[in-house]
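In each ligand, atom 1 is the first atom listed, and ligand 1 is the first ligand listed. FYI, the numbering just counts along the sequence from 1. Computed from a prediction, not measured in an experiment: that's the story for all the values here.
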Amino acid sequence: MKFHEMSETDIKKALDTDFSGGLSENQVEQRLKQQGYNELQEGEKQSALLLFFSQFKDFMVLVLLAATFVSGLLGEYIDAVAIIAIVLINGILGFFQERKAEKSLQALKELSAPQVQVLRDGIWSKIPSKELVVGDVIKFSSGDRIGADVRLIQTTSLEIEESALTGESVPVQKHTDPLRAKDLGIGDMENIAFMGTMVTRGSGVGVVIATGMKTAMGEIADLLQNAETMETPLQRRLEQLGKILIFTALTLTVLVVAVGVLQGHDLYTMFLAGVSLAVAAIPEGLPAIVTVALSLGVQKMIKKNAIVRKLPAVETLGCASVICSDKTGTMTQNKMTVTHLWSGGKTWNVSGVGYEPTGNFSRNNDVIDIKKEKTLQQLLMFGILCNHANLVIREDEYILDGDPTEGALLVSAMKAGFERNSLLKQYDIIKEFPFDSTRKMMSVIVRDSQGREFVVTKGAPDVLVSVSESILVNDKVQIMSGDKRTDVQKAINELASQALRTLAISYKPLTSNALSITEKEAEKDLIFIGLQGMIDPPRPEVKEAVKECKAAGIKTIMITGDHVITAKAIAKQLGILTPNSKVLDGKALSEMSVNELEEVVDEVSVFARVSPEHKLKIVKALQNRGHIVAMTGDGVNDAPAIKAADIGVAMGITGTDVAKEASSLVLLDDNFATIKAAIKEGRNIYENIRKFIRYLLASNVGEILVMLFAMLLGLPLPLVPIQILWVNLVTDGLPAMALGLDKPEDNVMKRGPRHPKEGVFARGLGWKVVSRGFLIGSMTLIAFMITYNQHPDELIYAQTIAFATLVMAQLIHVFDCRSEKSVLSRNPFGNPFLVWSVISSVILMLIVIYYPPLQPIFHTVAIDPRDWMLILGLASIPTFLLAGSFLLRKSN
Ligand SMILES: Nc1ncnc2c1ncn2[C@@H]1O[C@H](COP(=O)(O)OP(=O)(O)OP(=O)(O)O)[C@@H](O)[C@H]1O
Ligand SMILES: [Ca+2]
């Protein structure tokens, strides 16, 4: 017998599991050993060995190795061995850099791996879906992706979209009844939910019947590869730039060699020098360092609770000009407590804090006996019946399991002495129409102990008023006249203007056909009972974050399903709504075209009573205005807008799998302030990348120019090949990495967002590179010429001085690179990594110069301590010039 044919008892027996308690930890452990992880096999990965060798496949490195081989044949063993050693070390460094980048990307993938709710040892908890085994009982609801193949044992309006397996995009209604036919296609197995398919409506519980490669998805696993590009726009631009740089470097190198040969240097020396120069000057490693910098930045973001799912988002974050954020839970704490009740024209207060179910009811400051208020009782009791939330006590604290709005209703009813379990003995819930953000309500059909049946609906009050035909006043049903409607409207506005979130409850008795009634029939002609108003305090850090964003040229827009007046009140508290910005509601939004919205969108800072479907329109309108938009969301219907936004942001706690999959950023704490932190980090990462591009390229320009100038002036080689390679490895490599870890400048969040199309060399970077390269080259050459004049028969002495000057000029320059302005604008030693990398570079340089065994290898001699005055003096001139130019500009 197959699973779809089985009854509940058959399944339990076949899988040796228990539907009320789930598997035990022991069973799970055993099964995990037998069945392995619930994973689909992935494609081959590049082996470490291959990655290592790929470091040497670069053309210029090959030429260098060939040239070294030739010099080995010519008997220059020391040079040959030294060059090979340096190439090897370079390769090893490159290897580790790439490995690190790869590993952290892998770690990212695991962090955003899907989770499932599973019942084990009688307790529901969330685990990575990888750890599921056959026999596990799992539950899922709208927006979840199913984690394994499961036989359904309980469903509530469950609909699943199976296009990943069947190609059919219309959702299938699922149920739990055994099916007769033996051989069914996937699309017809209505009591089975398959791994990788998506819940579009309702909820369900099922027992796992297959995991990993044994699932229907496993059989077609090749369909699954997520071929997302992980390359960022900057990386792409750098690749193009790299080609230009290679061409330029090669041309200049050829020029150096040609001029050198014309000036009478021998061909072999010039050839080796040329190749070394080319290896050093071509910024081959740049893309790898950029990847490392990006992934390090991503790690920093994780510490701030933001997970980047797509690497390009790191860069886009720095360009964001608008954040569209949900209100509930993102800007507010999502810890709701009912404080006001309204019914039949009267208002009551409810005392108590948080989810602790103790408090009393009062009217005009007098505590009342709730037992005497029939309508209030009904308002509270129905709030429990139409409700999925649970309160659990853990370590003497009341913890909510479920939706906070429902939790608040549960607690207010408990304060009046109601208890869910005893209520459920009197009332049977026979059907449910689940909540969705478009209808903004939820209903259940209940049957009481005398067999009478009711619809109970709870939802947004303005919506419920419009579907209610009567109203309960002092336990009597009255017609909802125009006056009464206005009264209710007034009450709603009154509560909302105190920043309260309000929910209404209505009901109606049913005379027939409770089971076959449709959602439309159930949710009309209702009897309005009353309102419950709850506080949802703003998150304390949000106000500051909004302010910081404003200073950074980023506008914050609140988008909420909540009532216009509640939204307004909270937006005002948070500084989002200012006297000259507007509020737009879902109704107005529906009537506008994208183009019409575009006209006004720049003035709107709150969208209220909107449906998720509206979000896409908002994103489009903002993008048409040239904005780079970050958009948050959590539900299934939010996915299209999240995808369309430049930065799609999903909630880590309340977000559905579908929303997370569509997003490029996930907020682990659902907090608005985390978006701001991520943007700040994104800006910083980009600035750091600019910093080391500036440093590396200026160094390379300096290296080429000193050689070129020397050749043009008919001088000997100022640097020997091994020295050039050493500079490339030590002086360029370490400090550049350290710049990638630099802290942001004070003003990162005080200037406007970067234009997304901005080139790598924008904002004066190109000029900085060329001018500093020229200065570094010139200073090195001057040092060389002065010493060569003093010691004409000791070329090696002048070369050592040139080498030291080049190294020092670069190591001083690196501190300039920390700031867009001059060194003086921030503490130059504020980055400990940089200080240490510079200190170690200096020590390594001193060893190469003064340690006798290394001297023949690096063609150095011990230089007179007094010469360091010359070296340091010349090496620091460019920095003084730069600082001076800033001072001059300031005083003008
Ligand atoms: N569980 C629920 N049952 C019935 N009605 C609900 C429920 N949750 C919310 N509502 C009503 O539906 C409205 C819309 O809810 P929705 O989740 O779309 O947005 P929200 O939670 O108010 O705000 P945000 O969009 O900022 O998260 C709410 O304002 C509330 O009136
Ligand atoms: Ca919501």
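Partners of K415 according to the side chain to side chain contact (heavy atoms under 4.5 Å, CB included) rule, which considers only residues two or more places apart in sequence or in another chain, are T337, V350, F361, V411. The ring-ring contact (aromatic ring centres under 6.0 Å, His included) test applied to F528 returns no partner, not counting sequence neighbours.
Here's the thing with D403: one of its N/O atoms is less than 3.5 angstrom from an N/O atom of ligand 1. Between G561 and ligand 1, at least one pair of N/O atoms sits closer than 3.5 Å. Considering backbone and side-chain atoms together, D326 places no N or O closer than 3.5 Å to any N or O of ligand 1.
Using a distance-only test at 3.5 Å, with no hydrogens or angles considered, a donor-acceptor pair links the side chain of K660 to the main chain of G652. The backbone N or O of G482 sits less than 3.5 Å from a side-chain atom of T486, completing a donor-acceptor pair. The backbone N or O of P434 sits less than 3.5 Å from a side-chain atom of R439, completing a donor-acceptor pair. Under a 3.5 Å cut-off, the side chain of T656 and the backbone N or O of D634 do form a donor-acceptor pair.
The K327 neighbourhood of ligand 1 comprises atoms 26 (O), with distances under 4.0 Å to a heavy atom of that residue. Of all atoms in ligand 1, listed by their number and element, those nearer than 4.0 Å to a heavy atom of S437 are 16 (P), 17 (O), 18 (O). Taking a cut-off of under 4.0 Å to the non-hydrogen atoms of K458, the atoms of ligand 1 that pass are 1 (N), 2 (C), 3 (N), 4 (C), 5 (N). Taking every non-hydrogen atom of G459 and a distance limit under 4.0 Å, the qualifying atoms of ligand 1 come out as 4 (C), 5 (N). Atoms of ligand 1 found under 4.0 Å from any heavy atom of R609 (numbered from 1 in listed order, with element): 29 (O). Atom numbering of ligand 1 starts at 1 in the shown order; those under 4.0 Å from a heavy atom of A460 are 11 (C), 31 (O).
Relative ring orientation between Y507 and F454 is described as tilted, the plane-to-plane angle lying within the 30° to 60° band.
Using a 4.0 Å cut-off between heavy atoms, M558 makes no contact with ligand 1 at all.
Contact annotation: R501 has at least one heavy atom less than 4.0 Å from an atom of ligand 1. Within the 4.0 Å heavy-atom cutoff, I559 counts among the residues contacting ligand 1.
A salt bridge does not link E598 with R625: none of the charged nitrogens is closer than 4.0 Å to a carboxylate oxygen.
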